[in-house]
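Heads up, the thing below is written out as structure tokens.
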Amino acid sequence: MPAAENSRIALPVGSNLDRFIMTNQEDFPFASGELSQLIRDLAYAGKVVNREINMAGLSNITGAYGAENVQGEEQQNLDVAANIRFSRALKKGGEVAAVISEEEEDIIDLNNPRAKYIVAIDPLDGSSNIDVNVSIGTIFSIYRRLSPQGGPVQMEDVLQPGKNQVAAGYILYGSSTMFVYTTGNGVNGFTYEPTLGEYILSHPGMQMPETGKIYSINEGNYNSYPESVKKYVSLCKDRSYSARYIGSLVADFHRNMLKGGIYIYPSTSKSPNGKLRLMYECNCLAMIAEQAGGMATDGVQRVMDIKPETLHQRVPFFVGSTKMVEEASTI
Ligand code: AHG
Ligand code: MN
Ligand code: MN
């Protein structure tokens, strides 16, 4: 059964996120409301980041921060600001034991003694688009910790395969801002209404088309693609598919989710394991894709089955409409 048919969407389009979360809390029979609160905390921090992004051209917050993150990428001021906003919201919220973030080398133990959740986050995705007023995003995954609450967080609490996610979502700061998430019961999308300061349910039970005519890949890397990816890209050209590549994963993913398409970041000579990070980019969007009837692989196996070995591990990423991902992964 497709995920959306299985979901309990008790509220109509136009309900706000808080009410939606409250109404759907009964989806978790043993839940104490902490996961709901955690999702609210993320949504709230997203509003603050959204405000900073909207003001970016005026408030001297664009540009490079002057340091590199653990992956040797130049941090932008907004990367750092977003990381602070989300970490602070999660620390204060009290539901999260530890965070891993693209912007931090190690696990951040939030010392919340009773917390049972772990969050993996890309606070700002699409850094190269910040200064040029193009869509960017936030990506998050939520796991339940495995070791007993109260003690220090262990590496095994964090290095869980994507199939263990209890929730995942993204915020797209685009022509409008959207909060899209799943708790394993279908995917729902909320559009931010800035004059009310509320996320409003606008895309209930999102379903990714089974196939599509859009392919999203950085063709500048063509010469160093694996042969199978070269073959798939020529197939897309033979069929006159449209090439659409924003360079912000969240935005490319979201478009393909609505219209049908495939996003590929394969291994390249510069990035032999691909560029995208398993823990806070790929797993999250893999869960959203699957919950919306789509698919995600690393070119060979299901992304959510990969057992992570390191916090910032990279994997090749093929995500989108099921028929397209199947074809690209087996060609
Ligand atoms: P981030 O800004 O979080 O480092 O992620 C950038 C990622 C992703 O958003 C995007 O799809 C990809 O990098 C673009 O990479 P290329 O410029 O190599 O195509
Ligand atoms: Mn990213
Ligand atoms: Mn980022």
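Scope of the values below: all heavy atoms of this structure, side chains included, with no hydrogens, waters or symmetry mates. Note that ligands are numbered from 1 as they come in the structure, with each ligand's atoms numbered from 1 the same way.
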May I ask you to check whether Ser127 and Asp79 show a side-chain donor-acceptor distance below 3.5 Å? yes
Of all pairs that satisfy ring-ring contact (aromatic ring centres under 6.0 Å, His included), the ones with a partner from residues 296-331, not counting sequence neighbours: Tyr280-His312
Is it true that Arg40 and Asp18 have a side-chain N and a carboxylate O under 4.0 angstrom from each other? yes
Salt bridge (Lys or Arg N to Asp or Glu O under 4.0 Å) against Asp41, all qualifying residues, sequence neighbours excluded: none
Closest approach of Arg85 and Ala45, non-hydrogen atoms and distance? O-CB, 3.9 Å
Could you verify whether a donor N or O on one side chain and an acceptor N or O on the other, from Ser176 and Thr191, lie under 3.5 Å apart? no
Shell check on the Mn ion (ligand 2): protein N, O or S atoms less than 2.8 Å away are Asp122 OD2, Asp125 OD1, Glu281 OE2
Between Met178 and Phe190, is any pair of side-chain heavy atoms under 4.5 Å apart? no
I'd like the residue list for ligand 1, meaning every protein residue with a non-hydrogen atom under 4.0 Å from the ligand. Glu73, Glu102, Asp122, Leu124, Asp125, Gly126, Ser127, Asn218, Tyr245, Gly247, Ser248, Leu249, Tyr263, Tyr265, Lys275, Leu276, Arg277, Glu281
Which is it for Phe140 and Phe86 under the ring pair (Phe, Tyr, Trp, His ring centres under 6.0 Å) test, yes or no, and what are the steps along the way? CA-CA 10 Å; Phe140 62 85; Phe86 282 103; 8.0 Å; no
Phe179/Tyr199 under ring pair (Phe, Tyr, Trp, His ring centres under 6.0 Å): CA gap, chis, key distance, verdict: CA-CA 7 Å; Phe179 187 88; Tyr199 296 98; 5.4 Å; yes
